[in-house]
Amino acid sequence: MDDKILTADKATAELISKAKNDGVETVWDRQQIMKAPCGFGEKGLCCRLCAMGPCRISPTPGKGAQKGLCGATADVIVSRNLARMVAAGTSAHSDHGRSIAHVLHMASKDGNYTVKDERKLLEVAKRLGIETENKDMFDLAHEVAEYALNEYGKPFGKLTIPPSVPEQRRKLWEKLDIVPRAIDREVVAIMHSTHMGCMADAESLITMSLRTALADGYGGSYMGTEISDILFGTPVARSTEANLGVLEHNAVNIILHGHEPALSEMIVLAADDAELLKLVKEVGAEGINVTGMCCTGNEVMMRHGVKIAGNFLQQELAVITGAVEAVVVDVQCIFPALPELAEAYHTKFITTSPKARITGATHIEFDEATAYESAKNIVREAILNYKNRNKEKVFIPGSKNHATVGFSNRTIINHLDKVVNSHIDPTGTFKPLADCLTSGVLRGAVGVVGCNNPKKVHDQSMIEIIKTMIANDIIVVATGCAAQAAAKAGLLSKDARRLAGKGLATVCELVDIPPVLHMGSCVDISRIMELVGEVAKLLGVDNCDLPVVGIAPEWMSEKAVAIGHYVVASGIDTWLGITPPIMGSEEVVDILTNRIEEMVGAKFFIEEDPMKASRQMIERIELKRRRLDKKM
Ligand code: SF4
Ligand code: WCC
Ligand code: FE2
């Protein structure tokens with residue numbers, strides 16, 4: 001590895017050097033060996049959908065193969081590949097939502113899972129049209145769970161769209177025929193239509209992708225969020241810390257990595273178990289330090305203040321600290337490299353989900369029916385492993401930063417209510433926020449979301465963009481690994497107000513919030529969609545009329561592609577900081593970055609340079625402001 005700058009994060013840089021000294025490899029080493037990515041794949045021009053191929057189209061128009069054996073053009077191949085990314089991303093979020101719905105279905109008074117937020121249960125039941133009067137709370141919970149599970153496979157009808165979607169938007173979706181049917185059906189529809197010899201029209205494939213993505217955003221992800229809130233509580237503001245410096249020298253360090261809170265919630269509980277704490281004493285440790293990574297980290301951080309060890313590209317580095325007794329994972333965003341790496345240290349790498357078994361891992365299957373016992377077994381393994389820690393191999397970086405997190409919409413409203421003059425305005429709404437936007441105290445809002453990607457300097461784009469936005473009085477909401485980058489950089493602390501423009505700083509002061517609001521995990525982008533929709537409704541406009549944009553500066557996963565599609569379909573312009581594999585088709589690029597705006601009032605922007613992207617976003621926000629002024 002040469003000495004080119006790989007990360008904006010000091011702890012990360014320190015551990016990359018340690019990896020070198022320890023003689024272990026990381027993603028950046030493998031990137032070097034991989035050299036440049038495959039040019040055909042990078043442009044989306046490789047098709048292996050049938051065994052007459054694989055076929056690849058020449059990236060130079062007019063030169064070399066211009067069609068696959070079946071006659072599929074670049075436009076067809078690129079749009080089919082993209083649609084499959086949307087289907088895969090939607091399936092990941094939605095299967096997560098389904099698991100949580102199953103957990104709600106088994107919730108009971110004395111069981112492993114109960115209902116922590118009855119108010120939320122009633123709200124969700126109401127929105128689904130379920131009778132709530134005189135019902136036992138658990139009966140109601142099971143009914144909501146069943147309703148949710150039926151949304152996956154109902155044979156007739158359409159997805160129940162949440163009331164936060166403005167009426168104009170809902171009508172537009174109906175007109176475009178992109179209101180999803182059952183969630184699973186939309187995923188299957190794409191798999192079918194992209195099978196060899198089926199759909200061969202780029203525009204139709206993109207339209208299908210929008211419909212499938214909406215099944216994610218307003219179906220699977222939305223339910224993932226709502227049901228997690230019912231089961232584990234709607235997040236409230238709390239303080240925590242972030243970065244690898246949260247690991248402790250004298251405690252049993254456990255890293256929770258993955259996505260679904262059913263597992264991580266139980267581990268957090270089990271880490272307080274009296275019997276296990278006794279065992280901790282016996283092995284000579286001072287306590288159990290549960291920390292999080294990626295979205296499952298976000299889930300328990302939002303609800304319990306569990307500290308964040310790092311984001312996506314730091315998963316290997318956590319092991320390389322030599323201070324981690326167990327990395328416990330469930331599904332998604334987990335490097336298959338981890339078991340081999342863990343071998344080089346004392347770390348136990350524990351898989352728990354039948355959906356994500358990894359060769360070389362210790363598999364302790366997490367069973368929801370006996371969740372607490374399963375969690376205890378997992379934590380016990382970690383504790384027993386403490387004695388194997390080699391103190392000479394340990395390096396815990398000093399970096400960590402303070403963060404205020406937990407901004408669910410209910411929490412945002414509670415904060416806004418502090419400034420409401422209740423003689424004039426009703427409390428309990430986003431009205432003060434809408435007023436700040438229309439008056440121009442806040443110029444706009446931007447969602448900064450998504451992953452890390454070693455194609456870019458780790459965390460750098462996210463931090464630059466967030467800093468530029470808040471300096472320009474644009475409030476930032478963040479989820480996923482982007483929110484963790486912000487936390488590590490200190491941008492989620494109330495102190496970060498000093499980096500904000502005058503308008504935003506004043507708002508932060510008045511309502512006691514940081515300039516960047518951590519709204520949760522990736523499925524919690526549904527919270528952002530709800531927020532945007534409610535503000536639009538208050539102003540009597542559609543989402544696309546608001547000075548609001550979204551960006552995934554360092555995205556890598558198929559889930560991000562699905563998210564991008566439902567955000568654009570919702571009327572919100574979306575920037576991609578990593579070029580998606582579509583550049584092989586002028587037609588697909590033209591639809592996504594141009595013509596789609598005529599359909600849904602928003603489009604994609606592809607811009608890898610964070611400063612250029614920031615300028616474009618500000619321009620767009622100001623343009624929307626001028627248009628909105630005329631409307632109001
Ligand atoms: Fe080639 Fe067409 Fe088969 Fe794709 S579907 S591999 S382009 S023949
Ligand atoms: Ni969501 Fe991206 Fe992190 Fe995984 S956890 S790496 S999809 S942002
Ligand atoms: Fe995630």
Side-chain angles (χ1 to χ4, degrees), residues 27 40 44-58 65-81 84-85 88-90 92-93 95-97 193-200 216 220-221 224-225 228 256-261 264 292-299 301-302 308-315 329-335 356 447-454 456 458-459 462 478-487 518-526 551-564 576-578 584:
V27 55
F40 296 93
L45 286 170
C46 170
C47 180
R48 39 177 190 73
L49 292 183
C50 90
M52 294 198 288
C55 300
R56 48 186 213 182
I57 306 289
S58 160
Q66 296 296 303
K67 285 178 189 151
L69 262 63
C70 64
T73 59
D75 300 338
V76 170
I77 292 175
V78 168
S79 54
R80 279 197 308 219
N81 288 341
R84 284 199 166 202
M85 291 180 89
T90 300
H93 284 143
D95 211 30
H96 164 164
S193 288
T194 55
H195 184 276
M196 194 276 156
C198 212
M199 184 85 91
D216 174 348
S221 279
T225 299
S228 297
L256 294 171
H257 175 25
H259 278 80
E260 295 177 4
S264 49
M293 249 182 188
C294 282
C295 282
T296 211
N298 284 325
E299 299 274 358
M301 181 184 67
M302 293 279 283
I308 285 297
N311 55 3
F312 179 66
L313 278 184
Q314 289 174 291
Q315 54 186 293
V329 304
D330 56 4
V331 291
Q332 302 170 22
C333 304
I334 304 150
F335 278 8
V448 183
V449 305
C451 333
N452 296 132
N453 187 322
K456 284 198 150 177
H458 169 240
D459 286 355
M462 318 214 241
T479 60
C481 288
Q484 295 173 339
H518 192 320
M519 294 190 73
S521 64
C522 300
V523 293
D524 292 340
I525 292 176
S526 60
I551 181 163
E554 304 176 24
W555 73 275
M556 62 85 204
S557 91
E558 290 169 315
K559 291 178 284 177
V561 180
I563 293 169
L576 299 174
I578 299 281

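Here the structure is a predicted model, which is why all the values come from computation and not from measurement. Whatever order the structure lists them in is the order used to number ligands and atoms, beginning at 1. Values reported hereafter were calculated over all heavy atoms of this structure, with side chains retained and with hydrogens, waters and symmetry mates removed.
- For ligand 2, the atoms sitting less than 4.0 Å from at least one non-hydrogen atom of F312 are 6 (S), numbered in the order shown with element in parentheses.
- Residues N311 and M462 are in side-chain contact: their nearest non-hydrogen atoms beyond the backbone lie under 4.5 Å apart.
- For ligand 1 and R80, the ligand atoms under 4.0 Å from any heavy atom of the residue are 4 (Fe), 5 (S).
- Each of the following atoms of ligand 1 lies closer than 4.0 Å to a heavy atom of G68: 7 (S).
- In Q332, neither the side chain nor the backbone holds a heavy atom less than 4.0 Å from any atom of ligand 2.
- Ranking protein heavy atoms by distance to atom 2 (Fe) of ligand 2, first place goes to C451 SG, 2.4 Å.
- Ligand-side atoms of ligand 1 in range of C70: 2 (Fe), 5 (S), 7 (S), 8 (S), range being under 4.0 angstrom from any heavy atom.
- The atoms of ligand 1 that sit less than 4.0 Å from any heavy atom of G53 are 6 (S).
- With hydrogens left out, the protein atom closest to atom 3 (Fe) of ligand 2 is C481 SG, 2.3 Å, a heavy atom.
- With 2.8 Å as the limit, C50 does not count as an N, O or S neighbour of atom 2 (Fe) of ligand 1.
- N452 is listed as a side-chain neighbour of E554, based on a closest heavy-atom distance under 4.5 Å.
- Scanning the protein for heavy atoms near atom 4 (Fe) of ligand 1, the closest one is C47 SG, 2.3 Å.
- For ligand 1, the atoms closer than 4.0 angstrom to any heavy atom of M52 are 8 (S).
- K456 places a side-chain heavy atom less than 4.5 Å from the side chain of I578.
- Nearest protein heavy-atom neighbour of atom 1 (Ni) of ligand 2: C522 SG, 2.1 Å.
- Considering only heavy atoms from C-beta on, M302 comes within 4.5 Å of H518 through its side chain.
- The Fe ion (ligand 3) has an N, O or S atom of C295 inside 2.8 Å of it.
- In this structure, E299 and V523 have side chains that are in contact, with non-hydrogen atoms separated by less than 4.5 Å.
- Within the 2.8 Å limit, C481 places no N, O or S atom next to the Fe ion (ligand 3).
- The closest side-chain heavy-atom distance from C333 to M556 is below 4.5 Å.
- The closest approach between a heavy atom of R56 and any atom of ligand 1 is not below 4.0 Å.
- Protein heavy atom nearest atom 4 (Fe) of ligand 2, with residue, atom name and distance: C333 SG, 2.2 Å.
- Neither the backbone nor the side chain of H195 has any atom closer than 4.0 Å to an atom of ligand 1 (non-hydrogen atoms only).
- The atoms of ligand 1 that sit less than 4.0 Å from any heavy atom of M196 are 5 (S).
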